[in-house]
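Written below as structure tokens is the structure these notes are about.
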Amino acid sequence: MNPHAHPSSSSAQSTALTPRYRRGAKQTMALAVHFLGAALPLLLLFAVAEAAGEVGVNYGRVANNLPDPASVVTLLKQNGITMVKLFDANQKVLTSLANTGIKVMVMLPNEDVAAVASSPSTALQWARANVAAYRPATQIHAVAVGNEVFDSRPDLNSDLVPAMTNIQAALAQLNLANDVKVTTPIAFDALAESWPPSAGVFRDDIAQAVMKPMLDFLDRTGSYLTVNIYPFLAYADDPDQISLDYALGNTNPAAVRDDDTGLVNHSLLDAQLDATYYAMEDLGFPSLRACLGETGLPSGGRSPVATVANAHAYVNNVINRVLSGNTGTPHRPDADMDVYIFALFNENQKGTGPDDVEQHFGLFYPNMNKVYEFDFQHATGNGGGGGGAKASWCVANAGVGDARLQAALDYACGHGADCGAIQPGATCFEPNTKVAHASYAFNSYYQKMNRATGTCDFAGAASVVYQEPAGACDATSSWCVANAGVGDARLQAALDYACGHGADCSGIQPGAACFQPDTKAAHASHAFNSYYQRNGRASGTCDFARAASVVHQAPNHVLIFGNNSKNLKTNHHLSKFILGTDPMYSTEAEDIEMVDSMMIDICTLRDAAGDFDESNKLGEGGFGAVYKVALTLNKHVPDDDPELKIKCPRIIACNGNVSVSICSGDPP
């Protein structure tokens, strides 16, 4: 049995649940809802930017005791919900959503797929009545054609792509094709193989006949594939082979390796997403986006895994990783993806009775009280799994002019941004331009809000970038260090994860410059900090299940990054070096007076060492040549030590064999 396979998530009506917990409720009156991670005060003043990855919730209405649509819209707004996905095009619901600013996805039900597939005029009539008639008051932005057709209505397989094509053509006739995208949700069991993820392929009966033309359509129209994934189903099928933490996506270093690629998965959701990506690549679509249309875990019912604690853990892990920008996977670490949690309410007309798990997926009871705590607006952790939080920055848009930049800058500084560094005389006051100061303030606000959706827009005065802006001022520096208290086993597992996900671990191999001290904590600190720095010190990239933490003073053993003195002359890829004292390696530690750590760029270092000229060479150390470096230390000089007598504290190279000594005068 494949422990990573998704047995089924069909939404076809079934008379009883199978032991595989087949998702059987017919979604004839259903909604799905997006929660943006934007701070509410910002929404009041600035338009929300297009999201890179957002988290939402499916709102099913297979029940006889739910609030009316108007009350539900109030609930959505109270919880900061700004996007809704309908599983139909219900007139009362669409009317209730008018003039709310909530974006809407509507659905063409399965029962209408065949008619639309065979008649462009029927498609046009449907699009005019269910999309155009409500815009712009109701902000419809997407159409889902059918729902898990391969499982619930396999007789419609051949009609699916023609129906999608006709709906898209109808939207084009109505001048809506650029604003309204067309997609279709598929169940995860559309894959024939899913473990290892790199073996992911679609089923033979649909791969060439349906999936390939569908993916081509989605690619050509700038849309995305919607896939429904429930990791708990695979766990419930085979709990002896799958760890619960792995299925829930808990933040822990336990890992499952794909031996074919060497990639390591830290959550079952990641493995299943990557299997989907590989399946798309198998058909020739390596960059097509995916949307996670349904995912969740029941809080009750006839299953040992269906508990409030497990539902709380899984759902919050998913929410937090999306709000943190951590939608990447080991295979696609930079993937952007929208995610819809299933579901908004517990629904009492699903499944076979009150003890059926189908009735217990809700975030809310029908009386609108929460089943368990969650927060769709603020990330509370990195959520586990993922390919590492995607580093990003918020930069000002100079084109909007100084007046708009100043207004947005004032807002950012008044709502939490740290603007002390751009005051006259402060670290980042220069360059003294509106765009530079605004970029600093915008990015400070954006990072402090955990890079939540909508927190880098400022009415079009800013945008998100995924490469660190050239010349950006960083008033603070930070490092990631290991927490020795968690023990060697947890440190080793987290170290393996960091080294397998982009950290440069060559320096801690036997015989390399940083192999000594040969301790788990020292090696882990090296790997953790490499991972943290390479990910732009993004929120959540220094945690490793609490095996690490961020510090704001350079650790004594993290000093110079380089290879050797020759490379330091020519290596332009190494832009900064971290200098600090390290009595750990000194033979005369008692004679070393500590100096503040500092950041120094390679050009300054070369100049200070006379381009590593032999005349500045002091001798050979255990890590290689030692040079005299003439630097001005921006350090408060104590009254009782006006000459700042520094007895050549040694600077050790961590990724190479260079040692540098900083001396205030002649070496001793």
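Only a predicted model underlies this, so the values are computations on that prediction, with no experimental measurement involved.
Taking OG from S267 and OH from Y314, the interatomic distance works out to 8.0 Å, rounded to the nearest 0.5 Å. Note that CG of L75 and CZ of F364 are 4.5 Å apart. Values are rounded to the nearest 0.5 Å. Atoms NE2 and CG, from H312 and L363 in turn, are 11.0 Å apart once rounded to the nearest 0.5 Å. Rounded to the nearest 0.5 angstrom, F188 CZ and N228 CG are separated by 11.5 Å. The CZ atom of R203 sits 12.5 Å away from the CD atom of E193 when rounded to the nearest 0.5 Å. Separating the CZ atom in R289 from the CG atom in D219 is a distance of 12.5 Å, to the nearest 0.5 Å.
Here the shortest heavy-atom pairing between S96 and P69 reads OG-CB, 3.8 Å. Of all non-hydrogen atoms in G362 and V371, the two that sit nearest each other are O-CG2, 3.4 Å. Contact between V357 and A306 at its shortest, heavy atoms only, is CG1-CB, 4.0 Å. Across all non-hydrogen atoms, the minimal contact from E347 to G60 is OE1-C, 3.1 Å. Minimum heavy-atom separation, P185 to G146: CD-O, 3.1 Å. Pairing each heavy atom of H360 with each of G300, the nearest pair is CB-O, 3.4 Å.
Proximity of a side-chain donor or acceptor of S119 to a complementary backbone N or O of V116 within less than 3.5 Å is not detected. Without hydrogens or angle criteria, N310 side chain to L248 main chain gives no donor-acceptor distance under 3.5 Å. Looking at N316, its side chain does come within 3.5 Å of a backbone N or O of E373 through a donor-acceptor pair. For D159 (side chain) and A114 (main-chain N/O), no donor-acceptor pair under 3.5 Å exists by modelled atom type. Counting only distance, with no hydrogens or angles, the side chain of T329 and the backbone of A335 share no donor-acceptor pair below 3.5 Å. N346 places no side-chain N or O within 3.5 Å of a backbone atom of Y365 that could act as its donor or acceptor partner. For the pair D258 (side chain) and L263 (backbone), a donor-acceptor distance under 3.5 Å is absent. Counting only distance, with no hydrogens or angles, the side chain of S223 and the backbone of V182 share a donor-acceptor pair below 3.5 Å.
The ring pair (Phe, Tyr, Trp, His ring centres under 6.0 Å) analysis of residues 202-226, with sequence neighbours excluded, yields no pairs. Applying the salt bridge (charged side-chain N to carboxylate O under 4.0 Å, His left out) rule to pairs touching residues 124-139 yields R135-D179, sequence neighbours excluded.
Here the side chains of R332 and L273 are not in contact, with every heavy-atom distance at 4.5 Å or above. L171 has its side chain within reach of V131: a pair of non-hydrogen atoms, C-beta onward, lies under 4.5 Å apart. Here the side chains of L269 and L292 are in contact, with some heavy-atom distance below 4.5 Å. With a 4.5 Å cut-off on side-chain heavy atoms, F150 and M211 count as touching. When side chains are defined from C-beta on, N265 counts as touching W195, because their heavy atoms get closer than 4.5 Å. No side-chain heavy atom of V256 sits less than 4.5 Å from a side-chain heavy atom of V264. Residues R61 and N90 meet the side-chain proximity criterion, which asks for heavy atoms closer than 4.5 Å. Residues S152 and N147 have side chains not in contact (no heavy-atom distance under 4.5 Å, counting atoms from C-beta outward).
Side-chain contact check for N250 and N317: at least one donor-acceptor pair (N or O, by modelled atom type) lies under 3.5 Å.
H331 pairs by the side-chain hydrogen bond (donor to acceptor under 3.5 Å, both in side chains) definition with Y278, E281, not counting sequence neighbours. Applying the side-chain hydrogen bond (donor to acceptor under 3.5 Å, both in side chains) rule to N130 yields no partners; only residues at least two apart in sequence or on another chain are considered. With sequence neighbours excluded, no residue forms a salt bridge (charged side-chain N to carboxylate O under 4.0 Å, His left out) with D204. Listed by chain and residue number, nothing satisfies the side-chain hydrogen bond (donor to acceptor under 3.5 Å, both in side chains) test with N157 (two or more places apart in sequence, or in another chain).
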Please walk me through it: do D375 and I319 pass side-chain contact (heavy atoms from CB on, under 4.5 Å)?
-> CA-CA 8 Å; D375 186 347; I319 292 172; over 6 Å; no
Start with the C-alpha gap between Q208 and L283, add the side-chain angles, then the distance that decides, and say whether side-chain contact (heavy atoms from CB on, under 4.5 Å) holds.
-> CA-CA 8 Å; Q208 294 295 327; L283 294 178; 3.6 Å; yes
Evaluate side-chain contact (heavy atoms from CB on, under 4.5 Å) for V106 paired with Y134, printing each intermediate quantity in order.
-> CA-CA 11 Å; V106 296; Y134 295 97; over 6 Å; no
Please test T226 against T183 for side-chain hydrogen bond (donor to acceptor under 3.5 Å, both in side chains), starting from the C-alpha separation and ending with a verdict.
-> CA-CA 7 Å; T226 301; T183 185; 3.1 Å; yes
Under the side-chain contact (heavy atoms from CB on, under 4.5 Å) criterion, do L191 and Q272 qualify, and how do the steps go?
-> CA-CA 10 Å; L191 273 68; Q272 294 178 322; over 6 Å; no
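By the 30° and 60° cut-offs, the orientation of the rings of F376 relative to F374 is perpendicular.
Between R220 and D216 there is a salt bridge, since at least one side-chain N of the basic residue sits less than 4.0 Å from a carboxylate O of the acidic one.
In this structure, K181 places its NZ atom where more than 12 heavy-atom neighbours from other residues, nucleotides or ligands lie under 6.0 Å away. By the 6.0 Å contact criterion, CG on N178 is open, its count of non-hydrogen atoms from other residues, nucleotides or ligands being 12 or less.
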